[in-house]
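In what follows, a single structure is set out as structure tokens and then discussed.
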Number of protein chains: 2
Amino acid sequence: MQRLPLYLQCLDGLAAGTSLISSEDLAAEAGVNSAKVRKDLSHLGSHGTRGVGYDVEHLRFQIQTELGLTKDRAVVIVGLGNLGRALANYDGFTERGFSIVGLFDADPRKIGDTVDDIEVEPMEALPAAVGERGAEIGIITTPARAAQEVASALADAGVRSILNFAPAVIHVGDDVEVRRVDLSTELQVLSFYLHRNE
Amino acid sequence: MQRLPLYLQCLDGLAAGTSLISSEDLAAEAGVNSAKVRKDLSHLGSHGTRGVGYDVEHLRFQIQTELGLTKDRAVVIVGLGNLGRALANYDGFTERGFSIVGLFDADPRKIGDTVDDIEVEPMEALPAAVGERGAEIGIITTPARAAQEVASALADAGVRSILNFAPAVIHVGDDVEVRRVDLSTELQVLSFYLHRNE
DNA sequence: ACATGTGAAGCGCTTCACAGCG
DNA sequence: CGCTGTGAAGCGCTTCACATGT
């Protein structure tokens, strides 16, 4: 089901006039097999029209519903180095229904800075802020050494989903979903493919 | 083989004195099954010692060799918005043997800016720069609408691996490896899990 | 005794191929 | 006639379990 956001992105990239799309065309756009597309979409009870294809607008709505994108999600970011600041300013989040409701950093010199009109708060303010503002997702953009402590703090505060950009593996309870995005890992995988063809 | 960078990261995170590690311990650290670790490591002819475990330093060397991390890789970044600038400044790249050899942007106002001591050049300079500086990897941090054009330009210039942060699906020839990192997609997947438990 | 390395079984995802429907 | 929806086959990854080696 990790492909649904990909499909959504493909639908967004379609020419403005397109109101119908076949599984074949969507598959080509997404770079996957068309049977896979049909199976994925059938899982959401998506009734396309046989002989015609899928209604783009309806499909978009169904995917958004399945992903729980119909309501806004409150997000906090911990660690306002270059990456944290870039994410705080990233329009793509707000455009897709993710509201940033808090920025936190352990460095006293950064407290009080404003990034994207939001004030940076100290770590001590995190637990209360998460509860009061209903934050469900935490983004970690700290150095590796701070990542585990921050993850635990987020989990304790009630955050149930963590997106970890720190180059460290973090461990939390089973009730918290963690996704790891490591920039160096991505380059290393590319390096592997380059190396393979040498 | 996408797990090798993860293992490498776990090895980096180990306490300083640790010179031996069992598949069980490494698996726990990485959050995977221990049989998987052994199978992965056996694929690189990694001879651990039965009854003892793996030599951490030797293992690290073997993984780095397998990933082709023994030589530096030259990287160019296209698109110097917030994210591009954050990546240009990201120490993790240089620490792991990836050298940034060029920064490019289509916006004339950004040309000549320096980011991390590197000057931003216009898109027209890309083809020659990639060839002269031996760039093998291109990072795309442009808006979605520019991503395809930039990807094609990179491929034409001779780049064989692309890391795409733009929220768009790009299409290139089979001789170019593309990895997609979409920040919104990550949040959408987390949203799905949140939604699932509601 | 203990941990690796690995056949073999298991499992889920992917792909095929076609029946069913518009 | 065209495209969806889906059983069934295929395929690769994961996991088990144990023989092997130190």
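Naming: A, B, ... by sequence-line order, numbering from 1 per chain. What's counted below: heavy atoms across the whole structure, side chains too, no hydrogens, waters or symmetry copies.
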| S23(B) side chain N/O closer than 4.0 Å to the phosphate oxygens (OP1, OP2) of dA3(C)? | no
| said: R133(A): which residues meet the side chain to side chain contact (heavy atoms under 4.5 Å, CB included) condition with it, sequence neighbours left out? | reply: V101(A), F104(A), E121(A), A129(A)
| note | One should read off an interatomic distance between D91(A) CG and D116(A) CG, to the nearest 0.5 angstrom, of 7.5 Å
| query | Once you round it to whole Å, what is the distance between C1' of dG12(D) and CE of M1(B)? | reply | 12 Å
| request: Find the distance H43(A):NE2 to dG7(D):C1' and express it as a whole number of Å. | output: 13 Å
| request: Please report the C-alpha distance between D55(B) and T49(B) in whole Å, then the side-chain angles of each, then the deciding distance to 0.1 Å, and finally whether the side chain to side chain contact (heavy atoms under 4.5 Å, CB included) criterion is met. | output: CA-CA 8 Å; D55(B) 182 273; T49(B) 315; over 6 Å; no
| Between dT4(C) (P) and E24(B) (CD): distance, integer Å | 8 Å
| request: Give the rounded distance in Å between these two atoms: NE2 of H47(A) and C1' of dT4(D). | output: 10 Å
| query | Would the number of heavy atoms belonging to other residues, nucleotides or ligands and lying under 6.0 Å from CD of Q64(B) be above 12? | reply | yes
| request: Indicate for each nucleotide in nucleotides 13-22 of chain C, in 5' to 3' sequence, whether protein heavy atoms under 4.0 Å reach the base (B), only the sugar-phosphate (S), or nothing (-). | output: -SBBB--BBS
| For atom CG of D55(A) and atom C1' of dT4(D), their distance in whole Å | 15 Å
| field | Atom-to-atom span, CG of L41(A) to C1' of dT6(D) - whole angstrom | value | 14 Å
| task | Starting from P on dG5(D), measure out to CG on L59(A) and report it in whole angstrom. | result | 10 Å
| said: Just the rounded figure in Å: distance from P of dT4(C) to CG of L20(B). | reply: 10 Å
Residues 74-82 of chain A, side-chain donor-acceptor partners within the protein, below 3.5 Å, at least two apart:
none

| message | Run the side chain to side chain contact (heavy atoms under 4.5 Å, CB included) test on L4(B) and F192(A) for me, step by step, so that the C-alpha distance in whole Å, both residues' side-chain angles and the decisive distance to 0.1 Å come before the verdict. | response | CA-CA 10 Å; L4(B) 291 180; F192(A) 170 76; 5.6 Å; no
